[in-house]
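Any value given below was found using the heavy atoms of this structure, including those in side chains, with hydrogens, waters and symmetry copies removed.
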Amino acid sequence: MTIEINIPNGKMRIDADTFLKEAGIRNIRKMLKYLSLSWPHEEQAGEIKNWLREQLQAEADKQKVQATAYMKEKSRLSELEETYRRMQSPCYTDYTRNPEKLEQARSRVGWSRWRCKEYMKGIKQAKKAMDRYQKILQDAEKILWDEKILIKIQEGIG
C-alpha cells in the first residue's frame with residue numbers, strides 16, 4: 001500500500017508495508033500528522049486502519065502457532081527428561097551403562113530445551129509486534145480521526 005502525503009516541501013510517497021514495519025513510533029506519529037494535514041481521504045485512512053488490523057491478526061495467529069508448538073515440545077521435553085533420568089538409575093528397566101545411549105538421550109533433552117526456548121522467543125516477539133501495531137493503531141485513530149472531527153467542527157462554527 002502506498003501513502004501519498006503533502007509535506008512542506010512537496011509530496012512524499014511512502015510504502016506503508018515497509019515503513020510501518022520498520023520505522024520508529026516517533027517517525028510513524030510524524031507521518032500520521034503530516035497525513036492528517038494532507039487531508040487524507042477517508043478511504044486512505046481506512047486502508048491504513050485495515051492494514052494495521054490485519055497485521056495485528058497475523059501476529060496473533062503467529063503467537064497461537066508458537067504457543068501450540070511450545071506446549072507440544074514442553075510435554076515432549078518432560079518425557080525425554082524422564083526417560084533420561086530412568087536410563088541413569090539402576091532402579092528402572094531403562095537403565096543402561098552404555099555411554100553412547102546416555103549421550104544420545106542427553107542430546108535429545110538438550111535439543112528439546114533449545115526448541116522450547118526458541119518457541120518462547122517467537123511468542124515474545126509476536127507479543128511485542130502486537131503491542132507495537134496496537135500503539136500505532138491507537139495513534140492513527142487519535143491523529144487521523146480526532147483531528148478530522150475537530151476540523152469539521154471548526155468549519156461548522158466558522
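Annotation for E103: atom CD counts as buried by contact number, over 12 foreign heavy atoms lying within 6.0 Å.
The minimum heavy-atom distance between Y95 and Q88, with the atom names listed, is CE1-O, 3.5 Å. The shortest non-hydrogen separation linking D15 to T18 is OD2-OG1, 2.8 Å. Between N27 and F19 the shortest heavy-atom distance is O-CZ, 3.7 Å.
A donor-acceptor distance shorter than 3.5 angstrom exists from the side chain of S75 to the backbone of K72, with no hydrogens or angles considered. Side-chain N or O atoms of T83 include one that pairs as donor or acceptor with a backbone N or O of E79 at under 3.5 Å.
With Q63 as reference, M130 is the one residue of K124, M130, Q125 to meet the side chain to side chain contact (heavy atoms under 4.5 Å, CB included) rule. For the side chain to side chain contact (heavy atoms under 4.5 Å, CB included) test with I123, the passing option among Q66, K128, K64 is Q66; the others fail.
The CD atom of E59 lies 12.5 Å from the CD atom of Q134; values are rounded to the nearest 0.5 Å. Note: L137 CG to Q55 CD = 11.5 Å, rounded to the nearest 0.5 Å.
Of the N and O atoms on the side chains of Q57 and D61, at least one donor lies less than 3.5 Å from an acceptor on the other residue.
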Fill in: side-chain contact (heavy atoms from CB on, under 4.5 Å) evaluation trace for W51 with Y133
CA-CA 10 Å; W51 185 88; Y133 287 127; 4.0 Å; yes
Worksheet entry | Audit row: L35, I48, side-chain contact (heavy atoms from CB on, under 4.5 Å) steps and yes/no | CA-CA 11 Å; L35 182 62; I48 292 171; 3.3 Å; yes
Practice prompt. Would you check, one step at a time, whether the test side-chain contact (heavy atoms from CB on, under 4.5 Å) holds for E54 with L56?
Written response: CA-CA 5 Å; E54 287 173 8; L56 272 169; over 6 Å; no
Item to complete: In sequence, state the C-alpha distance, the side-chain angles, and the governing distance for K127 and D131, and then conclude on salt bridge (Lys or Arg N to Asp or Glu O under 4.0 Å).
Response: CA-CA 6 Å; K127 174 73 171 128; D131 292 343; 3.1 Å; yes
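Cluster partners of L80, using a side-chain heavy-atom cutoff of under 4.5 Å among ILVMFWY residues and allowing indirect links, are L77, Y84, M87, L102, V109.
At a threshold of 4.5 Å between non-hydrogen side-chain atoms, the residues R13 and I3 do not count as touching. You'll find the side chain of Y119 stays beyond 4.5 Å of the side chain of M71, heavy atoms only. Using a 4.5 Å cut-off on side-chain heavy atoms (C-beta onward), Y70 and K121 make no contact. Side-chain contact between M12 and M31: absent, with no pair of heavy atoms (C-beta onward) separated by less than 4.5 Å.
Electrostatic pairing of E118 and R115 does not count as a salt bridge here, judged by no charged N lying under 4.0 Å from a carboxylate O. Here R86 pairs with E82 in a salt bridge; the nearest charged N to carboxylate O distance falls below 4.0 Å. Of the charged side-chain nitrogens involved, none lies within less than 4.0 Å of a carboxylate oxygen, so that D139 and K135 do not count as a salt-bridged pair.
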